[in-house]
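Take a look at the structure set out below.
Owing to the predicted nature of the structure, the values given are computational and were not obtained by experimental measurement.
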Amino acid sequence: MHWAERTAANLAHRGSSHLVAAGITPSGEFHIGHIREILTCDMIVRGCRQAGLDTELLFIVDSMDPLRKVYSFLSPDYEKYIGRPLYQIPPPDENGIPILNSKKSYAEHFLNPFLDALKELGVELRLSWNHKEYKEGKFENASRIFLNNREEVARILTEVSGRPLEEDWWPYSPIGHDGSFDDITITGWEDPYVTWIDSNGKEGKSHIGKDEGKLPWRLDWPAKWDFHGVTCEPFGKDHAASGGSYATGRLLVEILGSKAPHPVPYEWIQLKGMGPMSSSANITVGPLEALEIVPPEILRYLIARNKPNRHIEFDTGGGLLEMADQYERLLATWNPDEPPGEDSTDRVKTAWDVDRAKISMSQTNPNSSINNFDSDAYVSFRHLSMVAQIRSDDQDVWKSLESSGLLEGQPNPTLIDRLNRMRNWINSEHFPDEYRIEISTELTAEAKTSFNEGDRKYLSTLQESLSSCEWKSAIINDHICNLARENGMDLRNAFIILYNIHLGRPHGPRLASVLAEIPRETVIHALENAINSLD
RNA sequence: GGGCCUGUAGCUUAGCCAGGUAGAGCGACGGACUUUUAAUCCGUUGGCCGGGGGUUCAAAUCCCCUCAGGCCCGCCA
């Protein structure tokens, strides 16, 4: 059984209606790790719905959380916003300088591109802005209960997390006169107000049913479980450690009279060769950049095929090509009408069923049938990577695909989108060098050893005919093949020689297509070089 | 110190939570095809399932111990 379906099966024991939640603090750019969190939720939701459970995905934006520090991508101007809620501070421009007159908040600034990405990935969700929930009093009940049970709450936190709390600790963080959570000393609790004094000695009070303060993280979380009715929540493995926030949360939520959601801890995902993803650390690669180069279904496949507790090393180089191959192969070979026979072992049956789920979970459209895939008309990722390099103009790409029978008429939006992403990939540093097509202008030493005096006639007759023929792929190919035959050469060997001469390696994409794309003089010149090298 | 996760073929891994003969992809190797060229097709190779012990008719799967790697216990998913 697929991991998402297994989770759904576990949830079915709990009830028939479910709320799967994801909570993310928009403190910086969203990244592939956040994608994993949301897609993990999304797949569980799909698994639940498939199992007949009424299920929804809730995306909680922790917009009430304060800015912790001036991150590396922010200018020192942000110093004054530290401690203030993320929904109340201005977004940074490309230099990290606050845009004071912006209509968007810091939180929205970072969230919006992420939401766009989720849409492309086919994720359906309901948004919950945490600051609005505070404003609307959703946290009032939980705040009151925690405040009234201050000792009990403190005891749980201390015992479970192993960290002693300050003597004057209160289960609430008020916002001071300056709009910041920092440097406030709580003086008392008089329902519905928490009274306090700021560092200047000025007193104040916060209504717990308004956005005049918030619960500390470890209390905020169970409070959300309680009033939203969260039944399942995936979270990073850091929260899963003993003494971590889930351990305290599951006890604290009982004080509120609720049950903790079914936990789904997940491992980190990182781009191969780069450190772990973090929205607050110094990252050198635009975190959502991965989305600009990978087709949505391949990204979904990456998450679908790896169980949450599996660490993912996302290879955006050659590994991407392999993963795309695997995905396409799975689509092309998995046949819903040919389940394993009765006499097959359980493993074989399970594998077949897990493959079914992987394909299904990878689709951006949750309702799309998984057997409507027409492999004959599908342009493979690998093929596209080649054509896109040879043809710089999109129209020429379509022509090329049409002539090879992979496209009829105009390309659909999906294919156009795939080409765009492919071009982004090719133009990025992620694209693997071994697949980069580069025309050799000089004869490499290795290329030189691939042919000898016996090939001179072939090369010179080829040079001669290519210098006058029509410069079209099919024609060029004719000359290459016909002349090789006339000279009694093995066709394969002729190609190896020519690849070495033109690309500096023994093989590559359809040679004639490549040659047709570059100037005739370049080709002739390369052949001349080769012939001269024999002298 | 406490805890979580991972360890299966050269590589990436499925199967583990309902014990029942170790599955796949890539790679490698061999073959087929020959206006064919990072292609396609067919085949072969390759695993004492990290190690040890236990439970069982039967263990990759359950239990205990152990080794190795990653991570958490300061609000970084």
With a 3.5 Å cut-off and no angle check, do the side chains of A:D211 and A:Y87 form a donor-acceptor pair? yes
May I ask you to evaluate whether A:R492 reaches the phosphate of B:U34, defined as a side-chain N or O under 4.0 Å from OP1 or OP2? no
Could you give the distance separating B:A39 and B:U13 at their C1' atoms, to the nearest angstrom? 26 Å
Less than 3.5 Å apart, any donor N or O on the side chain of A:T40 or A:E37 sitting next to an acceptor on the other? no
Measuring from the side chain of A:F495 (C-beta onward, heavy atoms only), which nucleotide among B:U35, B:U37, B:G15 has the closest atom? B:U37
Where the side chain of A:W425 meets the backbone of A:T316, is there a donor-acceptor pair that is under 3.5 Å apart? yes
I'd like the P distance from B:C65 over to B:A28, given in whole Å. 44 Å
Assign A:M386 to base, sugar-phosphate, or nothing according to its heavy-atom contacts below 4.0 angstrom with the strands shown. base
What I want to check is whether the side chains of A:R218 and A:S245 have a donor and an acceptor closer together than 3.5 Å. no
What interatomic distance, in whole Å, is found between P of B:G15 and the corresponding atom of B:G19? 16 Å
Send over the distance from A:R250 CZ to B:C4 C1', rounded to a whole Å. 14 Å
Please state how far atom CG in A:D325 lies from atom P in B:U13, giving the value in whole angstrom units. 17 Å
Please check if any side-chain donor atom of A:Q88 sits under 3.5 Å from a side-chain acceptor atom of A:S105, or the reverse. no
Nucleotide of B:A77, B:C17, B:A39 approaching A:D238 most closely (side-chain heavy atoms): B:A77
Interatomic distance where NZ belongs to A:K237 and P belongs to B:C75 [whole Å]: 17 Å
Taking the side chain as every heavy atom from C-beta outward, state whether A:M386 and A:Y435 have any atom pair closer than 4.5 Å. no
Atom OH of A:Y246 and atom C1' of B:C71 are separated, to the nearest Å, by 19 Å
State which of B:G15, B:A77, B:G70 makes the closest approach to the side chain of A:T350. B:G15
So what does A:H383 touch, heavy atoms closer than 4.0 Å: a base, only the sugar-phosphate, or nothing? nothing
When you measure from the side chain of A:R218, which nucleotide among B:C73, B:A77, B:C5 comes out closest? B:C73
Can you give me the N/O atom pairs linking the protein to nucleotides 22-24 of chain B at distances under 3.5 Å, or say none if there are none?
| from | atom 1 | to | atom 2 | distance (Å) |
| --- | --- | --- | --- | --- |
| B:A22 | O4' | A:R347 | NH1 | 3.4 |

A:N493 atom CG is separated from B:U34 atom C1', nearest whole Å, by 14 Å
Would you indicate which nucleotide in B:G7, B:U35, B:G70 comes nearest to any side-chain atom of A:R310? B:G7
Flag yes if more than 12 heavy atoms outside A:K472 fall under 6.0 Å of its NZ atom; otherwise flag no. no
Give the C-alpha distance, both sets of side-chain angles, the deciding distance and a yes or no for side chain to side chain donor-acceptor pair (under 3.5 Å) between A:S63 and A:N130. CA-CA 6 Å; A:S63 50; A:N130 221 25; over 6 Å; no
If you look at every strand shown and take non-hydrogen atoms under 4.0 Å, does A:Y435 touch a base, only sugar-phosphate, or nothing? base
When the P atoms of B:U66 and B:C4 are compared, how many Å lie between them, rounded to an integer? 14 Å
Assign each of A:A494 and A:H311 the nucleotide of RNA chain B bearing its closest heavy atom; nearer the 5' end lies the nucleotide of A:H311
Looking at A:R250, I want to see if its CZ is surrounded by more than 12 non-hydrogen atoms of other residues, nucleotides or ligands under 6.0 Å. no
Nearest to the A:K307 side chain among B:G15, B:C75, B:G70, which nucleotide is it? B:G15
B:A68: pairing nucleotide in any strand, Watson-Crick or G-U under 3.5 angstrom: B:U6
Between B:C48 and B:A9, how far apart are the P atoms? Round to whole Å, please. 8 Å
Any side-chain N or O of A:N309 less than 4.0 Å from the OP1 or OP2 oxygen of B:C4? no
My understanding is that a pair needs two contacts under 3.5 Å, Watson-Crick or G-U wobble. By that rule, which nucleotide pairs with B:C29? B:G43
If pairing requires Watson-Crick or G-U wobble contacts with both distances under 3.5 Å, which nucleotide is the partner of B:G23? B:U13
Any ion pair linking A:R84 and A:D182 (charged N to carboxylate O, less than 4.0 Å)? no
Under 4.0 Å, counting only non-hydrogen atoms across every strand here, what does A:I437 touch: a base, just sugar-phosphate, or nothing? base
Atom-to-atom span, CZ of A:F235 to C1' of B:C76 - whole angstrom: 16 Å
Rounding to the closest angstrom, what is the interatomic distance between B:C33 and B:C42 at atom P? 15 Å
A:E322, nearest nucleotide to its side chain (from B:C5, B:A77, B:C26): B:C26
From CD of A:E313 over to C1' of B:U13, roughly how many Å is that when rounded to an integer? 15 Å
Modelled atom types, side-chain donor and acceptor of A:Y134 and A:D220, under 3.5 Å: yes
What integer number of Å spans the C1' atoms of B:G20 and B:G51? 25 Å
Of the nucleotides B:G15, B:U37, B:U35, which has the atom closest to the A:N482 side chain? B:U35
The answer to which of A:C481 and A:N10 contacts RNA chain B further toward the 5' end, by nearest nucleotide, is A:N10
Rounded distance in Å - CD1 (A:I303) to P (B:A77): 16 Å
The side chain of A:R6 is closest to which nucleotide in this list: B:A77, B:C17, B:C5? B:C17
A:E37 has its side chain closest, among B:U35, B:A77, B:C75, to B:A77
Nucleotide forming a Watson-Crick or wobble pair with B:A58, both distances under 3.5 Å: none
What distance, rounded to whole Å, do you find between the two P atoms, one in B:C16 and one in B:A60? 14 Å
